[in-house]
Amino acid sequence: MQLDINTILIIIISAISIFAFSRPEILDKLKFNAWQVVHRKEYHRILSYGLVHGSWMHLLINMFVLWSFGRAVLYYFDMAFDGGTVIRYLILFVSAIGVSTLSTLNKEKNNPHYNAVGASGAVSAVVFTSILFNPYNPILLFGIIDSGHYFRSAVHHLFKIYGREKCGQYRT
């Protein structure tokens, strides 16, 4: 296994999420809550929510999709740009976590009961970056079924919707 920036992110996010599964106080400190951000100035929540997940299924799906598409994006960045692949990937990933909360931050700023967890915004950014670089690339599910990027991104979003229903108070 090659230890690239994508793999390192997967290890970090998985470790923190697994740790937070058994420590609700950690989850509470890291989850996104617009009310806490606006009224208590807990700005770290704009990014930290991407480090914790609402369930094992949520974590496993996000990390599988990140592993699958992240490797491709790293390859595309290597081919398209003269150096800086790691920093470009980190900028894409971290900024997507923050940007994915902007509309919710404004909409839910007076709702202390709204919470969100998960790296789905960043994972979606990685998925769509991969599609942008190679929109007709065939993707094999389980090495057999050619699904294509469009189908796979649709499945990812369906899992996000499913995760919202299953995770109760936490959004994915």
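We're numbering straight along the sequence, starting at 1.
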task: Take Leu59 and Ile18, measure what side-chain contact (heavy atoms from CB on, under 4.5 Å) needs, and give me the verdict at the end.
output: CA-CA 9 Å; Leu59 175 64; Ile18 292 166; 4.0 Å; yes
task: Determine, stepwise, if the pair Val123 / Phe69 fulfils side-chain contact (heavy atoms from CB on, under 4.5 Å).
output: CA-CA 8 Å; Val123 172; Phe69 284 92; over 6 Å; no
task: Before giving the answer on side-chain contact (heavy atoms from CB on, under 4.5 Å), spell out for Asp4 and Ile8 the whole-Å C-alpha distance, their side-chain angles and the decisive distance to 0.1 Å.
output: CA-CA 6 Å; Asp4 56 27; Ile8 292 168; over 6 Å; no
message: Walk me through whether Asn110 and His39 qualify under side-chain contact (heavy atoms from CB on, under 4.5 Å).
response: CA-CA 8 Å; Asn110 293 315; His39 298 285; 3.1 Å; yes
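Between the side chain of Arg45 and the main chain of Lys31, a donor-acceptor pair closer than 3.5 Å is present. Between the side chain of Ser55 and the main chain of His58, a donor-acceptor pair closer than 3.5 Å is present. Between the side chain of Ser130 and the main chain of Val126, no donor-acceptor pair closer than 3.5 Å is present. A side-chain donor-acceptor contact under 3.5 Å links Ser48 to the backbone of Leu30.
In this model, a donor atom of one side chain and an acceptor atom of the other lie less than 3.5 Å apart for Asn134 and Tyr76. Side-chain contact, Glu108 with Asn111: a donor N or O sits under 3.5 Å from an acceptor N or O. Using modelled atom types, one finds no donor on one side chain facing an acceptor on the other under 3.5 Å when comparing Asn33 with His113.
Pairing each heavy atom of Gly98 with each of Thr101, the nearest pair is O-OG1, 2.7 Å. The nearest pair of heavy atoms linking Ile97 to Ser100 is O-OG, 2.8 Å. Across every non-hydrogen atom of Met63 and Ile13, the tightest pair is CE-CG2, 3.7 Å.
With values rounded to the nearest 0.5 angstrom, Thr129 atom OG1 is found 6.5 Å from Leu132 atom CG. The line from CG of Leu66 to CD1 of Ile10 is 4.5 Å long, rounded to the nearest 0.5 Å. Rounding to the nearest 0.5 Å places CG of Leu51 at 9.0 Å from CG of Leu9. Here Asn115 contributes atom CG and Thr104 contributes atom OG1; the two are 12.0 Å apart, rounded to the nearest 0.5 Å.
Side-chain heavy atoms closer than 4.5 Å link hydrophobic residues (I, L, V, M, F, W, Y) into clusters, and following such links, even through other members, never connects Tyr114 to Val99. Hydrophobic clustering of Ile, Leu, Val, Met, Phe, Trp and Tyr side chains at less than 4.5 Å, counting indirect connections, unites Phe32 with Leu47. By the rule that hydrophobic residues join a cluster once side-chain heavy atoms approach within less than 4.5 Å of another member, Phe64 and Leu3 end up as members of one cluster. Connection of Trp35 to Tyr43 is not established within any shared hydrophobic cluster, with ILVMFWY side chains joined at heavy-atom distances below 4.5 Å, either directly or through further cluster members. By the rule that hydrophobic residues join a cluster once side-chain heavy atoms approach within less than 4.5 Å of another member, Trp67 and Leu60 end up as members of separate clusters.
For the side chain to side chain contact (heavy atoms under 4.5 Å, CB included) test, no residue two or more places apart in sequence or in another chain qualifies with Lys29.
Applying the side chain to side chain donor-acceptor pair (under 3.5 Å) rule to pairs touching residues 8-23 yields Ser17-His53, sequence neighbours excluded.
The aromatic ring centres of Phe133 and Phe77 sit less than 6.0 Å apart.
More than 12 heavy atoms of other residues, nucleotides or ligands shown are found within 6.0 angstrom of CZ on Phe21.
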Below 3.5 Å, can you tabulate the donor-acceptor pairs from side chains in residues 85-96 to any protein atom, sequence neighbours excluded?
{"unit_1": "Thr85", "atom_1": "OG1", "unit_2": "Asp78", "atom_2": "OD1", "d": "2.6"}
{"unit_1": "Arg88", "atom_1": "NH1", "unit_2": "Gly83", "atom_2": "O", "d": "2.7"}
{"unit_1": "Tyr89", "atom_1": "OH", "unit_2": "Asn6", "atom_2": "OD1", "d": "2.5"}
{"unit_1": "Ser95", "atom_1": "OG", "unit_2": "Ile91", "atom_2": "O", "d": "2.5"}
{"unit_1": "Ser95", "atom_1": "OG", "unit_2": "Leu92", "atom_2": "O", "d": "3.3"}

